[in-house]
Amino acid sequence: MAAPVEAYRPHDARMRVLIVGGGGREHALAWKLTQDQPSIEIVAAPGNPGLATLGRCVAVSSDDLPGIVALAISEKPNLVVIGPEAPLAAGLADALRTVGIPVFGPSRGAARIESSKAFAKALMREAGVPTARAIRCIDAPAAKRAAREFGAPVVIKASGLAAGKGVIVCSTIAEADAAIDSMLRDDTFGAAGREVLVEEFMEGEELSLFAITDGTTVLPMLAAQDHKRLLDGDLGPNTGGMGAYAPVSLSSSALVDDAVERVFVPTLAALNAAGAPFSGLLYAGLMLTAQGPKVVEFNCRFGDPETEAILPLLEGSLLEPLLAVANGSGLSDEPLQWSPGFSVTTVVVASGYPESPQKGAVISLPPREANIHVFHAGTAFNEGGGLVTTGGRVFAVTAVAPTLAEAQRESARVAGAIEFEGKQLRRDIGWRELERSAGATRD
Ligand code: AMP
Ligand code: GLY
């Protein structure tokens, strides 16, 4: 029998939070936690130069599970928040819980809601959650037959984690055949693409709806809309996300209530019944179809860049619900409170993004301004201590303003004032919403 685990005791009275990750999402999470409790001590692994202005960064990769666990054991935080999906899918939350450390993020089993699209689809089907029809295939001829069954357009999805690149929307059967061959014959996505979903094409606007949950209580956040295409007008190649805004007027309180009842609650119940209770942040990508909202995908963590748009509008505490979930002390069902403004996040990306982002470009930042948040996503210090680019998405610039039009203008203005060679950005984040209601104000 294993020796009993000694009761875990956080280091001392001052609140210490370990943030796992080093992107814009993690910078925004740390910023909000610091707003909630100014005396908080933030430790980030690996962090980034933005996070370094809020706390201490420790050079441990978010994928180094033993390294993160060892860091947590020595830092004794009151809370660990895991940002990215890969460590969750690999079981980081389980490893931390085993040694008694309070963690916000689902177990490896529950993270399958994101790490296996085949698992998520089967779960949704059993639970009666509205979603596109799909056929799971592991060989190319069967997948091609399935694609013909649905007819074009059709969507081919690698079941596993593929860094946002595993979904191919095909407008012809020939494209579907090529996508199927790339996954099931040529192994382009490795293990992630050896099981695929051939999925019915859905039409409609997409929403990202996040909920903080302990597995039973569901606290929905403000809906946001992501912008995945590189260029203005939603043109150009798909990216990890060029911007987001919140709130989205399509997301009425009736729609959110409906999504909680028909999507979140049955999905959480099904995960529980499958022996994989979920706690953490459940992210539903919803498509608003003519037949009502349907799930496009689930993610098991905060979305990026939506988090950078949503958190600056959160008036109440983020720390409290995260702690309640991590400690299992009972999540209050009191709705989250939001400020009556609009938020637009413009992502500034590197030259060559998304195919081959250039690293090492020297960055010059404009002076800080009120109501503007410059979240670091892909930055680092070079040997001389200068700030340089190190990833595709370099900054997420969020402006909060009384109108969406103003938030868009301000966000694009400050994003435009960040200088480095070859930078790219969109200036139209929120355009669909502006078309819906020019210069709208919230009631
Ligand atoms: P995912 O990674 O599953 O969010 O998919 C990436 C993008 O592909 C989504 O945001 C949608 O725009 C698109 N997509 C995924 N599934 C479908 C579908 N069944 N019908 C239409 N578009 C889809
Ligand atoms: N915004 C999309 C994602 O976080 O996966």
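Model, not experiment: these values are computed from the prediction. Both counts, for ligands and for their atoms, begin at 1 and track the order of listing. Keep in mind that the numbers below use all heavy atoms, side chains included, and drop hydrogens, waters and symmetry copies.
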Between the CD atom in Gln37 and the CG atom in Asn78, the distance rounded to the nearest 0.5 Å is 8.5 Å

Nearest heavy-atom approach of Pro305 to Arg393 is CD-NH1, 3.6 Å

Quick one: does NZ or CZ of Arg25 land under 6.0 Å from the six-membered ring centre of Phe302, within 45 degrees of the ring axis? no

*Looking only at distance, does Lys228 have an N or O less than 3.5 Å from an N or O of ligand 1?*
no

- Task: State whether Glu199 and Lys157 are salt-bridged, where the test is any N-O pair (Lys NZ or Arg NE/NH1/NH2 against Asp/Glu carboxylate O) under 4.0 Å.
- Result: yes

Contacts for ligand 2, heavy atom under 4.0 Å, by chain and number, are Asp226, Lys228, Tyr283, Asn299, Arg301, Gly303, Asp304, Glu306

Of Val167, Asn238, Val296, the one whose closest heavy atom lies nearest atom 6 (C) of ligand 1 is Val167

Side-chain donor-acceptor pairs under 3.5 Å in residues 258-274, sequence neighbours left out?
unit_1, atom_1, unit_2, atom_2, d
Asp258, OD2, Arg262, NH1, 3.1
Thr267, OG1, Val263, O, 2.6

Would you say the side-chain atoms of Thr345 and Glu308 include a donor-acceptor pair closer than 3.5 Å? no

task: Assess Glu203 for proximity to ligand 1: is some non-hydrogen atom of it under 4.0 Å away?
output: no

Under 4.0 Å between heavy atoms, the region of Met202 that gets near ligand 1 turns out to be both

For Lys144, is there an ion pair with Asp139 - N to carboxylate O distance below 4.0 angstrom?
no

